[in-house]
Protein chains: 2
Amino acid sequence: MTDTRDRLLDAATDVLLRDGAQALTLDAVARQAQVSKGGLLYHFPSKQALVAGMVDRLVGHFDAALTAAGETPGAATRVYLQASVEPRNTATGAAADRATAALFAASIVDPDALRPLREVYQAWQRRLENDGIDPAVATAVRLAVDGWWLSRLVDLAPPAPGLHERVYVLLTNLIDGS
Amino acid sequence: MTDTRDRLLDAATDVLLRDGAQALTLDAVARQAQVSKGGLLYHFPSKQALVAGMVDRLVGHFDAALTAAGETPGAATRVYLQASVEPRNTATGAAADRATAALFAASIVDPDALRPLREVYQAWQRRLENDGIDPAVATAVRLAVDGWWLSRLVDLAPPAPGLHERVYVLLTNLIDGS
DNA sequence: CGGAGTGTACCGGCCAGACGGTACAGTAGC
DNA sequence: GCTACTGTACCGTCTGGCCGGTACACTCCG
């Protein structure tokens with residue numbers, strides 16, 4: 001069963017988001033996943049392998065979203081916006097948080113683990129630059145989205161609900177009107 | 001001399017930006033600052049105190065910038081944009097990198113150390129929302145800027161030089177035209 | 001004037017504990 | 001008998017933090 005594998009990956013992000021990066025230890029992850037430490041090391045022979053696994057999963061999601069985006073102008077930019085930021089402030093955005101967690105974990109434990117992510121991200125950026133709309137608009141929207149989930153992750157003054165929607169509309173209009 | 005204190009703070013950000021979060025140890029910081037470990041611990045009795053010091057300094061800069069911004073419409077938003085992102089892609093943006101480093105260090109070592117920063121940031125966000133321009137525009141610009149320095153810090157597909165300027169112009173126009 | 005004492009800034013060795021990782025014997029299910 | 005674990009004992013290293021010193025400037029008192 002790859003079930004346990006996924007549970008371990010989930011557990012790692014849970015620990016990271018709940019207790020902070022400092023607390024991301026093999027013991028803590030194993031405990032969270034209700035797996036023995038031996039079991040964890042059976043699936044991920046090292047901590048690096050664990051965070052590499054987190055990044056891999058993230059890369060997979062990215063790739064899927066990238067290919068799933070349509071061909072109409074602004075399609076990719078819109079997908080990127082919607083994937084990270086719901087129109088309404090549902091405050092969950094679980095997928096985006098998971099992404100950030102993986103990013104975070106990697107940059108702490110093993111910056112090299114980010115390499116595959118960098119490549120997919122670069123591909124995504126290229127896709128945005130050729131999205132049938134002004135590349136500057138697409139890039140600005142992307143950066144805003146990145147800033148958005150960062151602000152939520154670190155809880156640095158994320159836009160209040162009312163403003164949240166207005167910013168979302170603004171970005172959407174930006175995409176449409178270019 | 002508070003000279004040594006500042007040198008230690010600088011050393012901490014240097015180590016973090018150069019060698020990654022993993023390498024941010026008391027020994028490494030002391031070595032970088034050419035101070036003994038005892039000397040470090042004289043100024044900062046714990047690692048938490050060290051990152052708290054980093055955040056404090058950042059908060060100070062924020063406060064200064066906040067009061068220094070003028071009163072004309074969009075002044076604060078423009079300051080925020082210019083502080084983090086040079087019009088040309090000078091690739092340095094040292095101040096912004098320093099900010100990120102402090103943020104990073106805090107979220108790893110002691111998430112609670114971010115509290116004072118959260119408050120200043122919230123104040124800054126309020127200031128942006130009352131900047132004489134559409135609050136949604138101000139917020140969107142802010143988020144884009146946040147995303148910008150994040151992309152540079154983690155090296156996740158930061159906009160290429162040519163695009164960099166176009167995005168900068170786009171954001172500036174957004175501020176002016178609202 | 002001189003000696004004693006006080007506070008600041010810093011040195012550097014050391015230790016306890018945490019953490020990553022190994023090893024290995026055992027087991028439940030297919 | 002193989003996969004997918006469990007459970008535990010253990011090791012070496014790294015790291016945060018403590019502590020006993022030292023150098024030195026300054027001050028207070030007789």
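Numbers restart at 1 for each chain; the letters A, B, ... are given by sequence-line order, proteins then strands. Just so it is clear, the model here is predicted, and its values are computed rather than measured.
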Figure out the CZ/P separation between B:Arg7 and C:dA9, and round it to whole Å. 13 Å

B:Arg142 bridged to B:Asp131 by N-O distance under 4.0 Å: no

Could you give the NZ-to-P distance, from B:Lys47 to C:dA18, as a whole number of Å? 16 Å

Whole angstrom is fine here: how far is it from CZ in A:Arg5 over to C1' in D:dT3? 15 Å

Counting only non-hydrogen atoms, which of residues 31-41 of chain A are less than 4.0 Å from DNA chain C? A:Lys37, A:Leu41

Using a strict cut-off of less than 4.0 Å between a Lys/Arg side-chain nitrogen and an Asp/Glu carboxylate oxygen, indicate whether A:Asp27 and A:Arg31 qualify as a salt bridge. no

Over how many whole Å does the gap from B:Gln22 atom CD to C:dA18 atom C1' extend? 14 Å

Can B:Arg57 and B:Asp10 be counted as an ion pair, charged N to O under 4.0 angstrom? yes

Taking the side chain of A:Thr25 as heavy atoms from C-beta outward, which of C:dG21, D:dG17, C:dG20 is closest to it? C:dG20

Salt-bridge present (B:Asp134, A:Arg166; N to O < 4.0 Å): yes

Do B:Gln125 and B:Thr139 pass the side chain to side chain donor-acceptor pair (under 3.5 Å) test, and can you show the C-alpha distance, the side-chain angles, and the key distance before you say yes or no? CA-CA 8 Å; B:Gln125 171 66 23; B:Thr139 303; 3.3 Å; yes

Starting from P on D:dC10, measure out to CG on A:Asp27 and report it in whole angstrom. 16 Å

Specify the separation, in whole Å, of atom OH of A:Tyr42 and atom P of D:dG7. 17 Å

For residues A:Tyr168 and A:Asn173, is any side-chain donor paired with an opposing acceptor at under 3.5 Å? no

Using a 4.0 Å cut-off on heavy atoms, which residues in residues 103-112 of chain A reach DNA chain C? List them by number, or say none. none

We want to know whether A:Gln32 and A:Arg18 form a side-chain donor-acceptor pair, criterion being a heavy-atom distance below 3.5 angstrom. yes

Which word best sums up how the rings of A:Tyr80 and A:Trp124 line up, parallel for under 30°, tilted for 30 to 60°, or perpendicular for over 60°? tilted

A:Phe44 CZ to D:dC5 P, straight-line distance once rounded to whole Å: 11 Å

Quick one: A:His43 NE2 to D:dA4 P, roughly how many Å, whole number? 7 Å

Let me confirm one number: the CZ-CG distance from A:Phe104 to A:Leu17, rounded to the nearest 0.5 Å. 9.5 Å

Does C:dG20 have OP1 or OP2 sitting under 4.0 Å from an N or O in the side chain of A:Ser46? no

